[in-house]
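Every chain is numbered from 1, with letters handed out A, B, ... down the list of sequences. Keep in mind that the numbers below use all heavy atoms, side chains included, and drop hydrogens, waters and symmetry copies. Because the structure is a prediction, the values reported are computed rather than measured.
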Protein chains: 4
Amino acid sequence: MNIVRGRPRSEASTQAVLAAAERLFGTNGYSRTSIEAIAKAAGVGKQTVYRWWPTKSHLAAAIYEQLAPSSKIAPNTGALQSDIAAMLRSLFTAYTSGPAAALLSGLIVEAQGSDESVMDFRAVFFDERRIITTDLFDRARNRGEIPLSADIDLLSDMLIGAIWMRLLAGHAPLDGAFAEGLAANLVAAASAEPTQTPRTPDLEAS
Amino acid sequence: MNIVRGRPRSEASTQAVLAAAERLFGTNGYSRTSIEAIAKAAGVGKQTVYRWWPTKSHLAAAIYEQLAPSSKIAPNTGALQSDIAAMLRSLFTAYTSGPAAALLSGLIVEAQGSDESVMDFRAVFFDERRIITTDLFDRARNRGEIPLSADIDLLSDMLIGAIWMRLLAGHAPLDGAFAEGLAANLVAAASAEPTQTPRTPDLEAS
Amino acid sequence: MNIVRGRPRSEASTQAVLAAAERLFGTNGYSRTSIEAIAKAAGVGKQTVYRWWPTKSHLAAAIYEQLAPSSKIAPNTGALQSDIAAMLRSLFTAYTSGPAAALLSGLIVEAQGSDESVMDFRAVFFDERRIITTDLFDRARNRGEIPLSADIDLLSDMLIGAIWMRLLAGHAPLDGAFAEGLAANLVAAASAEPTQTPRTPDLEAS
Amino acid sequence: MNIVRGRPRSEASTQAVLAAAERLFGTNGYSRTSIEAIAKAAGVGKQTVYRWWPTKSHLAAAIYEQLAPSSKIAPNTGALQSDIAAMLRSLFTAYTSGPAAALLSGLIVEAQGSDESVMDFRAVFFDERRIITTDLFDRARNRGEIPLSADIDLLSDMLIGAIWMRLLAGHAPLDGAFAEGLAANLVAAASAEPTQTPRTPDLEAS
DNA sequence: TCCTAACCGAGACGGTACGTCACGTCTTTTT
DNA sequence: AAAAAGACGTGACGTACCGTCTCGGTTAGGA
């Protein structure tokens with residue numbers, strides 16, 4: 001029957017830790033926030049943090065889940081371009097409000113460590129996002145909007161990559177214009193027939 | 001006359017540090033390599049490391065400069081698609097041989113810290129790359145290959161972002177097929193007339 | 001109710017540190033012993049040393065307390081001269097066995113730093129010793145052995161100072177003959193009536 | 001013929017170093033002053049300091065020589081008590097003006113190091129002082145002022161030790177009253193016949 | 001109503017690395 | 001040959017956090 005004995009997990013502590021972590025990540029950045037500081041700010045024992053979130057990135061992932069749960073549903077407007085644009089707008093809202101950007105930056109850092117954490121991280125962010133974008137492109141292909149030969153993996157990389165560029169490098173904003181332009185360009189790319197039959201000449205051969 | 005006084009910087013130490021850092025970054029990863037360990041491995045005082053490379057990311061940048069100097073020249077084949085493909089192929093060669101991937105991953109991590117380091121990092125990588133891609137697209141626009149209305153900033157984000165996606169997430173290789181496909185897709189995106197006149201309907205309105 | 005929270009201080013670590021410090025001070029001397037080395041020799045984290053003994057001189061003081069606790073009781077033989085001699089003999093036994101000499105030498109060094117540490121040091125050594133000697137002379141005065149006019153502060157300085165001279169400069173041993181002679185001389189000095197009524201002529205006036 | 005070739009020692013540098021050292025020792029204390037800081041303050045290369053003063057204590061000794069050269073001559077007033085008092089007064093003048101106290105404190109620290117430095121130090125301070133006091137007592141003995149049995153070594157220890165007590169512990173000033181009282185007490189001690197024929201009873205036997 | 005298990009806060013523990021300071025030596029050009 | 005300048009390898013400093021561990025003190029079933 002899997003009965004649980006002993007004192008149950010404290011909901012108050014859980015929330016205090018998440019709130020403190022979110023605040024500190026947002027204020028000082030992910031890498032400059034220590035678990036020690038989070039525990040202290042939450043008024044909680046260090047052990048309690050380690051018991052429920054084995055690493056700092058688990059904490060970050062938990063906060064990401066709290067912050068951007070709605071962005072997991074792929075929009076369905078009937079047209080690829082507006083699907084992409086809608087997805088981007090809802091995503092940008094989640095990313096530009098609150099400390100989400102700092103968290104995501106921190107996550108990718110951790111993901112470079114060991115192989116396991118790369119897997120962890122992909123599951124949390126990249127793959128989740130890839131599933132949505134793949135779904136969008138798939139539906140468009142099924143509708144005949146884009147040719148069967150379209151490389152959906154590649155298109156997804158371009159889409160998600162462009163978002164990351166702005167997110168990480170910060171040279172330009174995540175705004176509506178960016179959403180519209182990106183959507184339009186991706187539709188154009190996806191729609192093109194694969195006409196590159198003659199192999200592009202090598203740089204050396206030019 | 002700008003005369004230099006005092007004992008000159010030791011070239012041997014400089015090279016020993018760079019070699020040790022390159023090896024350790026490649027072996028253990030960027031974040032699991034300490035400056036202490038680099039100094040010890042190089043047979044050099046810690047102060048000597050700190051004197052010339054104030055932070056670990058400066059060291060990484062220096063190694064990047066050493067590893068990928070050739071990738072700074074924009075290819076010129078006369079056609080946008082082959083220009084991009086050529087650039088990608090030479091870039092991939094630099095990235096997939098040696099510990100460059102680990103270094104670049106580490107760099108982006110550090111770049112999330114304070115505002116100053118973001119600037120540092122952009123100067124080293126993003127902006128440098130952006131200059132090259134912008135140059136490619138500019139020439140194509142001047143040749144009339146792509147319309148004047150093409151958003152070059154956006155195209156650059158898609159191009160560089162796609163590379164980063166593969167580099168960081170590692171779900172697919174940086175190979176010739178990727179280079180060809182990406183080049184073709186970007187040409188298609190760039191060539192498209194801006195037809196998104198009717199504003200895409202909102203997600204809520206669907 | 002003064003309840004104690006958190007993990008209690010480790011008695012094993014405490015003893016290990018004191019033992020290591022005593023050994024190293026004795027072997028290498030006070031100033032050539034680093035806290036780093038003490039921690040390592042004790043198999044203890046550096047922080048643990050710093051937590052309980054903020055400075056090296058605190059450590060030295062703690063060892064002094066351990067080594068010479070018996071010397072704190074003023075002897076009472078009924079005669080000033082034998083009181084002093086007895087005190088000196090018990091003191092010399094404590095000082096000449098073990099690394100006490102090196103420790104005391106070290107302490108006086110540290111005491112020269114800031115004003116606060118001078119206070120610290122006086123409390124630990126000088127004042128403690130002064131209390132005992134003052135007690136000896138006081139009792140002798142009350143017994144009528146020495147005149148009321150005897151300058152007890154001055155006599156104490158001569159007594160303790162003579163000990164220090166031998167301890168620090170090391171030109172002659174701390175032995176029984178020294179104890180006897182010092183005791184006799186101090187009794188003679190203390191017993192003398194203050195006959196120096198005519199002010200001693202100045203050097204310049206001679 | 002012993003001709004010296006090459007650039008002669010710079011008198012300006014010598015003086016600059018001594019002046020800077022004296023100032024810094026006085027300001028920050030002996031142990032908190034680094035040779036690095038002295039060289040910088042003197043506007044002199046570090047090597048120049050090391051060339052002429054191999055250790056910090058050599059520097060201190062050099063300054064001591066500069067500050068208290070006159071105190072080396074034993075006064076001769078014809079009476080032991082006034083001799084001692086005169087010596088003390090001139091000594092106190094040297095010690096209480098300028099940074100001499102800090103320097104002397106520092107010296108004794110260094111003297112605890114290796115055996116060689118103890119020798120160094122004794123030569124510079126203790127022995128020099130001992131020679132003077134021994135001279136004083138000797139003359140008094142020759143004049144018949146004090147008995148032939150007087151232990152001059154012991155008397156010297158009491159005299160120099162009492163000075164050190166005040167100098168180091170700082171519980172009371174080095175003033176005229178101290179000089180007079182000390183002189184009187186020492187004369188009394190020295191004059192006493194060795195009456196301690198019956199061995200002082202042991203503490204245990206009391 | 002106890003018992004027992006798991007939680008909680010606090011904070012000490014052995015470690016690793018940090019970035020800085022000073023050491024005493026060295027290598028350069030200038031005097 | 002001595003000087004100013006300053007880089008060099010070395011070693012220690014005192015601090016910050018790591019993740020683990022032990023305390024006393026809750027807070028729930030199950031006996």
Side-chain angles (χ1 to χ4, degrees), chain A residues 3-10 12-14 16 32-40 42-52 54-56, chain B residues 3-10 12-14 16 32-40 42-52 54-56, chain C residues 1 3-10 12-14 16 32-40 42-52 54-56, chain D residues 4-10 12-14 16 32-40 42-52 54-56:
Chain A
I3 40 164
V4 183
R5 299 219 306 165
R7 181 176 178 172
R9 175 172 178 177
S10 158
S13 293
T14 305
R32 276 186 310 290
T33 300
S34 65
I35 294 191
E36 197 119 11
I38 293 171
K40 183 149 222 171
V44 140
K46 260 204 299 185
Q47 192 72 259
T48 301
V49 180
Y50 281 108
R51 192 167 5 240
W52 305 114
T55 71
K56 205 161 63 163
Chain B
I3 46 160
V4 183
R5 303 209 292 180
R7 181 175 176 172
R9 176 171 179 178
S10 157
S13 293
T14 304
R32 275 185 310 291
T33 300
S34 64
I35 293 191
E36 197 122 13
I38 293 170
K40 182 154 226 170
V44 142
K46 247 200 308 184
Q47 195 72 253
T48 301
V49 180
Y50 281 109
R51 188 161 16 234
W52 304 115
T55 70
K56 209 161 57 162
Chain C
M1 226 104 75
I3 47 164
V4 183
R5 302 208 292 182
R7 180 175 176 174
R9 176 171 178 178
S10 157
S13 293
T14 304
R32 275 184 312 290
T33 300
S34 65
I35 292 191
E36 197 122 12
I38 294 170
K40 182 153 227 171
V44 141
K46 246 200 309 185
Q47 194 71 252
T48 300
V49 180
Y50 281 110
R51 188 158 20 231
W52 304 114
T55 70
K56 210 161 57 163
Chain D
V4 184
R5 299 216 307 165
R7 181 175 177 175
R9 175 172 180 177
S10 156
S13 293
T14 305
R32 277 185 309 292
T33 299
S34 64
I35 293 191
E36 198 118 13
I38 293 170
K40 184 148 222 172
V44 141
K46 262 205 297 184
Q47 193 71 258
T48 302
V49 180
Y50 281 110
R51 192 165 7 240
W52 304 113
T55 70
K56 206 161 60 164

Can you list everything that forms a side chain to side chain donor-acceptor pair (under 3.5 Å) with [X]? Sequence neighbours excluded, please.
| X | value |
| --- | --- |
| T14(C) | R9(C) |
| S13(B) | S10(B) |
| R7(C) | none |

Under 4.0 Å protein heavy-atom contact, by nucleotide of nucleotides 10-15 of chain F - B base, S sugar-phosphate only: B-SBBB
Measure the spacing between NZ of K56(C) and CD1 of I35(C) and express it to the nearest 0.5 Å.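 Atom-to-atom, K56(C):NZ and I35(C):CD1 are 7.0 Å apart.
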What's the spacing between K46(B) NZ and T48(B) OG1 if we round to 0.5 Å?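 Here the rounded value is 12.0 Å.
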Applying a 4.0 Å non-hydrogen cut-off, can you work out what R9(D) is touching in the nucleic acid: base, sugar-phosphate, or nothing?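 Result for R9(D) = sugar-phosphate.
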What's R7(C) touching, base or sugar-phosphate or nothing? Going by heavy atoms closer than 4.0 Å.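 Base, at least one base atom sits under 4.0 Å.
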Take A42(C) and S13(A), find for each the nucleotide of DNA chain E with the closest heavy atom, and name the residue whose nucleotide sits nearer the 5' end.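 Its nearest nucleotide being more 5', the pick is S13(A).
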What is the first contacted nucleotide of DNA chain E and what is the last, in 5' to 3' order, if contact means an atom lying under 4.0 angstrom from a heavy atom of chain B?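 From 5' to 3', the first and last contacting nucleotides are dA17(E) to dT28(E).
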Examine dA5(F): is either OP1 or OP2 under 4.0 Å from a nitrogen or oxygen in the side chain of R5(B)? Give yes or no.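 For dA5(F), OP1/OP2 do have a side-chain N/O of R5(B) under 4.0 Å.
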W52(D) side chain N/O closer than 4.0 Å to the phosphate oxygens (OP1, OP2) of dA3(F)?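 Looking at the OP1 and OP2 atoms of dA3(F), one of them is under 4.0 Å from a side-chain N or O of W52(D).
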Comparing S10(D) and G6(A) on DNA chain F - which has the more 5′ nearest nucleotide: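 Upstream on the strand: S10(D).
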Can you list everything that forms a side chain to side chain contact (heavy atoms under 4.5 Å, CB included) with A16(C)? Sequence neighbours excluded, please.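 A16(C) satisfies side chain to side chain contact (heavy atoms under 4.5 Å, CB included) with A42(C) only.
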Length of the line joining R51(A):CZ and dG19(F):P, which is rounded to integer Å: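 After rounding, the reported distance stands at 16 Å.
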